[in-house]
Structure formats: C-alpha cells, structure tokens
Amino acid sequence: MEDKKKEGLVEKLIEDEGEALSPAAGEEDTATGADFALDAEEDQETKPAEPKEIEPDEDGFTSDEDISSVYKSQAELEPEAKSTEEEPKAPAIDLYKEEEKPSPEEGDKAEEGQKGKKKESGAEILENEQDLQGIEAARQTFFKFYKKMNRIKWIVTAVILVIILVCWLVPNFITTGTDAEGNAIALPSEITLGIGIGGIVLGLAILVVYNIFFKKGVERETRNYFLGYYRGSDDFVFGSIAKERTGDVDAKLPPETFNEAGLYKDVAKVGSRDCIGFDYKGHHVTFSDAAAQVKGAKALETVFVGKFMCIDNLYKGNELVVYLKGNKRALPPTTLEGRNLLEDTKTMIVYGEHDGKRLLSKDVRAAISKIDTDATLVDFSIVVKPGKTFFLFGYEDNLMILPLEKPFDPYPTMHFKGDVEKVFAIVDALDKSIERQ
C-alpha cells in the first residue's frame with residue numbers, strides 16, 4: 001500500500017514538474033506590444049504541455065511558481081533513479097538575436113508607409129541642430145589641419161632626400177686641381193664620406209625637429225577636435241537630462257568601476273574617454289566611452305566597445321542581469337555561464353534570483369521593450385546590484401569612431417540620444433519598482 005501511495009505521489013510530482021517547466025506566457029503590454037514570454041521549442045516527436053499563464057500580482061510583478069521544492073521532493077523519493085539515469089542536458093543558450101523576417105503583408109504595409117516620405121539628409125539635420133553643427137565645424141577645422149600637415153610632411157621629406165642626395169653625389173664631382181698629366185684631382189675619399197654622413201645627420205636632425213613640432217601640433221588639434229566633438233555630442237544627448245556636468249574628453253573611467261558591473265572576466269585593460277558625471281533625480285550618474293580588453297594568445301583582445309553608465313540606487317536584493325541580444329557583431333558578456341537563468345527569449349536573457357526578477361514590473365518591462373538592438377546599438381546589458389545599476393551599450397564603429405575625411409553623420413548620434421532617453425525611462429521605472437519592495 002505504501003509503495004502504491006509512493007508511486008502515486010511520484011507521478012503527481014512529475015506531472016506538477018511538467019506544468020512548472022512549461023514555458024510561461026509572457027505578459028503583453030497593450031501600450032507597447034512588448035512580449036517577454038519564454039520561448040518554447042517544440043520537440044519533434046512529442047508535443048509539450050500547454051503553457052500556464054502567469055498572473056501579475058497587485059504591484060504588477062510576475063509571480064512565477066517556485067519549482068525548487070518539486071525537484072527536492074522528487075530527488076528524495078527517487079534516489080536510485082537519479083543515480084542510474086543521466087540528467088537531461090539544458091539546451092544551449094543562443095546569445096545572439098534571432099532576426100525575424102516580416103510577413104509579406106507586413107512588408108507591403110511598411111513599403112506603403114514609406115511611399116511619399118523623404119528621409120532627411122545629414123546636412124538638413126545639421127541645419128536645425130546647433131549642438132551637432134559644432135561637431136561638424138570641429139571636424140572641418142581638424143581636417144584642414146590634417147591636410148596641411150600632410151602637405152608639409154611631404155615637403156619636409158622631399159627636402160631631406162634632396163639634402164642627402166646632394167651630400168652624397170655632389171662631392172664626387174668637386175675637384176681641387178689637376179695633376180702633372182692634367183687629370184682632375186677629386187676630393188679625398190675621407191672628405192667625400194664625411195660630407196655624405198653629414199648630409200644624413202642634417203636630414204635626420206630636420207626630421208626629428210619636424211616630428212616634435214608635428215606631434216605637438218597633432219596632439220593639440222586632435223584634443224581640440226575631441227573637445228568640440230564631445231561637447232557638442234554631450235550637449236545634444238544629455239542637454240535635456242542634465243545641464244550641469246563634470247568631466248570632459250580627458251577624464252577617464254576608473255577600471256574598477258567598469259569591472260564592478262561584473263559582466264566581463266579577466267579584464268586586463270579598460271580604455272576610456274569623456275567620462276562625465278551628473279545628478280539625476282537624486283542619483284549620481286557616471287557616463288563614459290569605454291573599451292575593455294583581455295589578454296589573448298599574442299595580444300590584447302577586445303571584449304567590449306561602447307558606452308558605459310553607472311547610477312546609484314536604493315536596491316537591497318539579489319543581483320539581476322538583463323541582456324538584450326544583438327547581431328553577430330555583438331560582444332556578449334563573458335560571465336553569464338553558471339548564473340541562474342530566469343528567462344531566455346529570442347531577444348532577451350534574464351539571470352538572477354526570484355526577488356531580483358520582481359524588479360521586472362510591467363512598467364520596467366515596457367521601458368526595456370522600447371530598446372531595440374540593431375546595426376548601431378549591437379547589444380545592451382543591465383546589471384542591478386545593491387547600491388548601483390549598470391548599463392552597458394555595445395555600439396558599432398559608426399558611433400564610436402570619430403569622422404575625419406567624410407562629413408559628420410548625425411544619425412548614429414541621434415540613435416544614441418534616443419537610447420539614453422529610453423535608459424533613463426528604465427531608471428525611473430526601476431526606482432518605482434525598488435520602492436515597492
């Protein structure tokens with residue numbers, strides 16, 4: 001009788017486990033159409049159990065079922081089965097975004113919507129954006145200097161070559177008189193060699209002096225260009241968020257601040273520029289360009305390039321990590337393995353504990369859903385820790401590399417401005433979510 005009861009209990013627990021492991025239908029935000037449901041891959045031979053809908057609680061948080069007790073009970077009841085049967089391996093997590101092609105109907109609607117619309121050119125945008133005009137003006141000034149220095153470089157190089165050739169060749173044609181037979185007497189070979197070597201020394205001296213002035217001039221003008229670029233960019237991007245800011249292009253992000261986010265392991269070097277600080281609704285914000293590298297087999301290898309943001313918070317729970325997947329150019333975090341996986345969709349992965357996931361209220365999810373990774377923002381990470389929240393924007397070269405020969409393209413910077421505004425909407429939503437905890 002006890003064996004039958006035990007078998008019946010095991011069957012019930014297995015059925016409960018099947019329900020608990022079924023993918024939960026995500027809460028669809030009617031305002032944004034955002035769907036953060038867990039994706040279920042159908043088995044080719046067996047049909048999975050119907051997904052069980054997760055109801056939001058009063059505060060708008062998801063209340064997922066805790067299945068840890070099911071695992072514990074089954075393990076206690078079936079110790080022999082566990083030791084003899086191999087545990088199923090968890091499916092591999094794809095860290096890259098699954099691109100979805102629009103249906104023919106959606107494609108036709110999009111094409112119809114674009115008819116009659118003319119995309120505003122970069123020049124037209126610059127006419128209306130004074131902050132961005134400063135960037136293009138700084139680029140033009142630096143480019144003129146760059147072309148001028150290139151011309152001077154070729155002139156100096158030509159002068160040095162002429163001096164060396166003259167010092168080596170001309171002495172061979174100089175005579176000091178004639179001998180008894182009337183033959184011309186050339187300069188002694190020691191003098192000829194000395195003049196040749198003197199010409200080389202003179203040429204090298206000119207080259208060294210030129211390089212010193214060239215280097216100082218390039219450093220000065222490059223810094224002026226970077227100051228103009230980032231002043232215009234920061235005013236354009238953060239002007240409506242923070243009028244008063246500290247720091248400039250020379251300010252550096254402390255490596256320990258970057259590493260505190262904990263998304264990349266064994267970081268050997270953190271490069272940065274334009275590390276600025278400002279206050280936002282009682283929080284202190286640090287924002288910077290950043291690039292992280294690790295030691296490779298032969299040289300340093302880049303694991304992150306983009307923008308880094310850190311803001312203090314009042315959170316006291318467990319860490320939460322949200323990663324928005326990107327294209328194949330993205331550089332996903334390298335410390336995700338081994339974390340507790342909470343969600344894995346086509347576009348997003350969430351790691352953490354249950355109390356951390358409670359931060360993902362409907363408002364927070366709606367705010368996150370507005371960020372879309374694409375050819376400019378290749379991926380995006382959020383890390384919420386007690387006391388600090390980190391945002392890592394993985395950006396493509398069209399934003400991170402300053403233009404030189406070609407005119408400034410305002411579109412990546414406009415994309416950046418939109419991303420920052422969306423991130424501060426996430427900050428606002430997280431603040432409300434933290435207050436409820």
Side-chain angles (χ1 to χ4, degrees), residues 122-123 126 131-171 192-236 247-255 268-276 288-293 296 298-302 305-307 395-410 412-413:
L126 292 178
D131 295 329
L132 300 184
Q133 289 174 10
I135 295 178
E136 176 59 14
R139 184 203 68 84
Q140 291 179 5
T141 300
F142 180 74
F143 187 49
K144 289 177 182 177
F145 168 81
Y146 174 79
K147 290 193 296 183
K148 178 182 176 181
M149 296 305 291
N150 266 344
R151 288 194 297 268
I152 295 174
K153 179 183 71 175
W154 286 112
I155 293 172
V156 170
T157 302
V159 169
I160 292 172
L161 289 175
V162 169
I163 290 174
I164 294 174
L165 289 173
V166 167
C167 290
W168 273 106
L169 298 177
V170 171
T192 303
L193 180 61
I195 295 174
I197 294 175
I200 294 176
V201 172
L202 178 60
L204 289 175
I206 294 173
L207 184 61
V208 169
V209 173
Y210 168 75
N211 280 337
I212 292 174
F213 284 101
F214 176 79
K215 184 178 180 180
K216 288 184 177 179
V218 169
E219 288 177 351
R220 180 184 66 253
E221 294 301 324
T222 300
R223 183 176 183 277
N224 290 338
Y225 175 33
F226 275 48
L227 282 172
Y229 179 94
Y230 281 100
R231 185 184 302 115
S233 176
D234 291 345
D235 287 343
F236 177 71
D248 57 25
V249 69
D250 295 327
K252 302 297 182 182
L253 175 71
K269 181 181 179 181
V270 176
S272 60
R273 64 191 179 203
D274 193 46
C275 183
I276 61 174
S288 177
D289 281 20
Q293 295 176 305
K298 296 182 179 179
L300 291 175
E301 298 177 357
T302 301
V305 176
K307 309 282 186 177
Y395 276 116
E396 188 55 90
D397 291 347
N398 59 357
L399 178 67
M400 300 307 297
I401 295 181
L402 276 63
L404 177 59
E405 297 183 1
K406 295 182 179 180
F408 168 67
D409 181 4
T413 303

When rounded to the nearest 0.5 Å, the distance separating CG of L132 from OH of Y229 is 9.5 Å

Can you tell me how far CG of L202 sits from CD1 of I195, rounded to the nearest 0.5 angstrom? 12.5 Å

The reported gap from CZ in F214 to CD in E219 (rounded to nearest 0.5 angstrom) is 10.5 Å

Measure across L402 and R273 and return the closest heavy-atom pair with its distance rounded to 0.1 Å. CD1-NH2, 3.6 Å

To the nearest 0.5 Å, atom CD1 of I160 lies from atom CG of L165 at 12.0 Å

Test side chain to side chain contact (heavy atoms under 4.5 Å, CB included) on L193 and W168; report intermediate values, then the result. CA-CA 8 Å; L193 180 61; W168 273 106; 3.8 Å; yes

Which pairs of donor and acceptor atoms, one on a side chain in residues 140-149, lie under 3.5 Å apart (sequence neighbours left out)?
unit_1	atom_1	unit_2	atom_2	d
Q140	NE2	E136	OE2	2.9
T141	OG1	A137	O	3.0

Using every non-hydrogen atom in the two residues, find where S272 and L253 come nearest and quote the distance to one decimal. OG-N, 2.8 Å

How would you list all residue pairs meeting salt bridge (charged side-chain N to carboxylate O under 4.0 Å, His left out) that involve residues 221-231, not counting sequence neighbours? R223-D250

Kindly compute the distance separating OG1 (T192) from CD1 (I197), expressed to the nearest 0.5 Å. 11.0 Å

Interatomic distance, OG@S288 vs CG@D274, rounded to 0.5 Å, equals 7.0 Å

Partner residues of Y230 under the ring-ring contact (aromatic ring centres under 6.0 Å, His included) criterion, sequence neighbours left out: none

Shortest non-hydrogen contact between R139 and L404, atoms and distance: NH1-O, 2.6 Å

Side chain to side chain contact (heavy atoms under 4.5 Å, CB included), paired with L399, selected from V305, D289, T413, D409: T413

Taking every heavy atom of G228 against every heavy atom of A138, the minimum-distance pair comes out as CA-CB, 4.2 Å

